[in-house]
Amino acid sequence: MQFPDDDTGHMLQQIHDEGVDLTGFHTLDFFILFEKQEHAISYQEALKSSELSADSQLGTCPDTGVFEVKVSIKMVPQHEVIMDTEAYLESLADKHNGYGDGWGLMA
């Protein structure tokens with residue numbers, strides 16, 4: 001498989017190289033960070049009323065200590081779909097004083 005030369009492409013290549021079948025559905029976790037808990041909670045509320053079928057969990061980022069919303073979405077991990085989803089989640093986060101911190105796949 002060939003992937004674009006960017007962060008998402010590199011991550012997909014690494015996952016593929018580890019033997020994960022990227023043609024099937026997986027749950028991807030997108031991480032959104034907030035300085036204030038109330039902003040994280042308002043983001044989760046906005047996410048519930050969005051068109052996405054996503055689960056979210058509020059916690060604390062182990063690296064930074066700020067509030068972290070982990071948004072879990074079941075999808076086929078294709079580069080363009082991941083990029084579009086990440087852009088949507090980050091645009092929603094912008095409205096709630098948050099910012100994206102990447103994504104991951106637990107295989």
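Clustering ILVMFWY residues whenever any of their side-chain heavy atoms sit less than 4.5 angstrom apart, transitively, puts L92 in the very cluster that holds V81. Residue F30 is not grouped with residue V66 when hydrophobic side chains (ILVMFWY) are merged at heavy-atom distances under 4.5 angstrom, including chains of intermediate members. Residues V71 and L28 share a single hydrophobic cluster, defined by chaining ILVMFWY side chains whose heavy atoms lie under 4.5 Å apart.
In this structure, the side chains of I15 and L22 come closer than 4.5 Å at one or more pairs of heavy atoms. At a threshold of 4.5 Å between non-hydrogen side-chain atoms, the residues F67 and H39 do not count as touching. Side-chain atoms of I82 and L12, non-hydrogen and from C-beta on, do get closer than 4.5 Å to each other. Residues T27 and I73 form no side-chain contact, since every pair of their non-hydrogen atoms from C-beta on lies 4.5 Å or further apart. The side-chain heavy atoms of P77 and L105, taken from C-beta on, include a pair separated by under 4.5 Å. Using a 4.5 Å cut-off on side-chain heavy atoms (C-beta onward), L89 and I32 make contact. Taking the side chain as every heavy atom from C-beta outward, L58 and I41 approach each other to under 4.5 Å. Looking at L47 and L52, their side chains come closer than 4.5 Å, going by heavy atoms from C-beta outward.
Taking CD of E45 as the reference point, atom OG of S50 lies at 11.5 Å (rounded to 0.5 Å). From E68, atom CD reaches atom CD of Q57 across 9.5 Å, with rounding to the nearest 0.5 Å. The CD atom of E38 sits 12.5 Å away from atom NE2 of H96, with the distance rounded to the nearest 0.5 Å.
S72 and D55 share no donor-acceptor pair across their side chains, judged by distance under 3.5 Å alone. The closest side-chain donor-acceptor pair between H10 and D5 falls under 3.5 angstrom.
Between G65 and T60, the shortest heavy-atom contact is O-CG2, 3.2 Å. The two residues T8 and W103 have their closest heavy-atom pair at OG1-NE1, 3.6 Å.
A side-chain hydrogen bond (donor to acceptor under 3.5 Å, both in side chains) check over residues 74-92, counting only residues at least two apart or in different chains, returns the pairs D6-H79.
Within 6.0 Å of CG on D94 lie more than 12 heavy atoms contributed by other residues, nucleotides or ligands.
Not counting sequence neighbours, the partners of F34 by the ring pair (Phe, Tyr, Trp, His ring centres under 6.0 Å) test are Y43.
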